[in-house]
Peer 1: 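Let me give you the structure first, and then I'll get to my questions.
Below, chain A is the first sequence line, B the second, and so on; all start at residue 1.
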There are 2 protein chains.
Amino acid sequence: MDKPLSPLARRIRDGGYKLTNARLIVLQVIEESHGHITSADIVERVAELDESIGRASVFRTLDMLTRLNIVRPSYIEGSQSPQYVLLHEGHHHHIVCTNCHQTIEFHDCGLDKMTLALQQQYNVEITGHLLEFYGLCENCKPT
Amino acid sequence: MDKPLSPLARRIRDGGYKLTNARLIVLQVIEESHGHITSADIVERVAELDESIGRASVFRTLDMLTRLNIVRPSYIEGSQSPQYVLLHEGHHHHIVCTNCHQTIEFHDCGLDKMTLALQQQYNVEITGHLLEFYGLCENCKPT
DNA sequence: TTAGATGCAAATAGTTTGCATTTGT
DNA sequence: ACAAATGCAAACTATTTGCATCTAA
């Protein structure tokens, strides 16, 4: 078949991984979620979309996506299963309410300069970052 | 008894929680670790220090410390158990090598202005943040 | 004194593994 | 064709819960 390969699908293939049905479905679920979803929810939604995909493949795919820097596990929400966050161009930023767990995403984190500075200072190669602010949202704020 | 209460111990008590032996030991373990340690390692080290403390209390304490913004769970390392990171004055920053998992901590993240800006823009009250860069460290970098 | 914390052990998630079978390339 | 990936189910780990007991304040 020759479907119009999404950019992320392309990155999977370019990473040397096969484009399997299980992987495409997992990818779709994460994208549909607008980039914030727990592993538990991914497992559930994948099962809805394609009953035949095993749990294990979902986890294997999440590992792969993390390795490829497409996604990043993060500890929003009380605890339990981690949230996977879609990295747009290698980064992601949000504010999490420590009370109701609402998350607000924002862009333009202005960390480009810092990235360059760190690369020089520590002689590393930085490929992305995750910036998480926490506090109380509008509704949970004291007065 | 009247030991010289560490600043963090004080925050626990000020948070309305009792200062129990289990809590103090967990706190000590986290501090000893220089602020980067997995829950599994905490459980293990606590058992070494005081055989009588139960696993459950360790997790209960970690939840409490997270609620108090003293510590923050983060998904460094492949996966398994999360790392708990000590927040100094509400924030923490590091670079994690996605290959060997070495972490480099740095200070002075310069996000104060951004914090203020976000508080205004979204009408929230921000109490801290976690900034995680990832990429390849000096040793893992291609040439 | 007494509400809050604890330790224990059992119950629950959540995640990983081994392996025969299937599938992309 | 064949290495890579899969699904399954069983094995593991990690974390949580209920409850009788204990303890800091």
Peer 1: Does any pair with a residue in residues 18-29 of chain A pass side chain to side chain donor-acceptor pair (under 3.5 Å), and if so which ones, sequence neighbours excluded?
Peer 2: A:Asn21-A:Asp50, A:Gln28-A:Glu32
Peer 1: For B:Pro142, check side chain to side chain contact (heavy atoms under 4.5 Å, CB included) against everything at least two apart and list the hits.
Peer 2: A:Glu125, B:Leu136
Peer 1: Without decimals, in angstroms, what is the distance between B:Arg23 CZ and C:dG7 P?
Peer 2: 11 Å
Peer 1: Does the C:dG7 base have a donor-acceptor partner in the side chain of B:Arg60 within less than 3.5 Å?
Peer 2: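 Per atom types, the contact qualifies.
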Peer 1: Rounded to the nearest angstrom, tell me the gap between atom CG in B:Leu24 and atom P in D:dT23.
Peer 2: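 So the two atoms are 14 Å apart, to the nearest Å.
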Peer 1: What is the distance, to the nearest angstrom, from the CZ atom on A:Phe59 to the P atom on D:dC8?
Peer 2: 15 Å
Peer 1: Not counting sequence neighbours, which residues clear side-chain hydrogen bond (donor to acceptor under 3.5 Å, both in side chains) with A:Gln119? List them please.
Peer 2: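 Partners of A:Gln119 by the side-chain hydrogen bond (donor to acceptor under 3.5 Å, both in side chains) criterion come out as none, since no residue qualifies.
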Peer 1: Is the phosphate of D:dT15, meaning OP1 or OP2, less than 4.0 Å from a side-chain N or O of B:Ser39?
Peer 2: yes
Peer 1: Please list, in numerical order, the residues of residues 49-56 of chain A that have a heavy atom closer than 4.0 Å to any atom of DNA chain C.
Peer 2: A:Arg55, A:Ala56
Peer 1: Just the rounded figure in Å: distance from C1' of C:dT23 to CD1 of A:Ile25.
Peer 2: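 Interatomic distance, CD1 of A:Ile25 to C1' of C:dT23: 15 Å.
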Peer 1: For B:Ile37 and D:dA14, give me the distance from atom CD1 to atom P, rounded to whole Å.
Peer 2: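 From B:Ile37 CD1 to D:dA14 P: 14 Å.
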Peer 1: For DNA chain D, which residues in residues 7-19 of chain A have a heavy atom at a distance below 4.0 Å?
Peer 2: A:Tyr17, A:Lys18
Peer 1: Using side-chain hydrogen bond (donor to acceptor under 3.5 Å, both in side chains) as the criterion, list what pairs up with B:Thr127, not counting sequence neighbours.
Peer 2: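 Scan of B:Thr127 (side-chain hydrogen bond (donor to acceptor under 3.5 Å, both in side chains), adjacent residues dropped) gives B:Asn69.
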Peer 1: Rounded to whole angstrom units, what separation is found between the CG atom of A:Asn21 and the P atom of D:dT6?
Peer 2: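 Those two atoms, CG and P, are 9 Å apart.
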Peer 1: I'd like to know if the side chain of A:Ser57 reaches the main chain of A:Ile53, judged simply by a donor and an acceptor atom lying under 3.5 Å from each other, with no hydrogens or angles considered.
Peer 2: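 Not a single qualifying donor-acceptor pair exists.
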Peer 1: Tell me: CG of B:Leu5 to C1' of D:dA25, nearest whole Å?
Peer 2: 13 Å
Peer 1: Can you name the residues that form a side chain to side chain contact (heavy atoms under 4.5 Å, CB included) with B:Arg55, not counting sequence neighbours?
Peer 2: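 Side chain to side chain contact (heavy atoms under 4.5 Å, CB included) check on B:Arg55 returns B:Val43.
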Peer 1: If you assign A:Thr20 and B:Val43 each to the DNA chain D nucleotide with the nearest heavy atom, which residue ends up on the more 5' nucleotide?
Peer 2: A:Thr20
Peer 1: Tell me every residue that passes side-chain hydrogen bond (donor to acceptor under 3.5 Å, both in side chains) with B:Glu48, counting only those two or more places apart in sequence or in another chain.
Peer 2: B:Arg45
Peer 1: If the condition is side chain to side chain contact (heavy atoms under 4.5 Å, CB included), which residues does B:Ile104 pass it with, not counting sequence neighbours?
Peer 2: A:Tyr122, A:Val124, B:Ile95, B:Gln102
Peer 1: List for me each residue that meets side-chain hydrogen bond (donor to acceptor under 3.5 Å, both in side chains) alongside B:Ser74, sequence neighbours excluded, and say none if there are none.
Peer 2: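 Scan of B:Ser74 (side-chain hydrogen bond (donor to acceptor under 3.5 Å, both in side chains), adjacent residues dropped) gives B:Glu132.
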Peer 1: Which pairs with one or both residues in residues 5-14 of chain A pass side chain to side chain donor-acceptor pair (under 3.5 Å), sequence neighbours excluded?
Peer 2: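 Counting only pairs at least two positions apart or across chains, no side chain to side chain donor-acceptor pair (under 3.5 Å) contact touches residues 5-14 of chain A.
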Peer 1: Classify the side-chain pair B:His92/B:His129 by whether it contains a donor and acceptor separated by less than 3.5 Å.
Peer 2: no
Peer 1: Axis-to-axis angle across the helix from C:dT1-D:dA25 to C:dT25-D:dA1, five pairs an end, to 10 degrees?
Peer 2: 60°
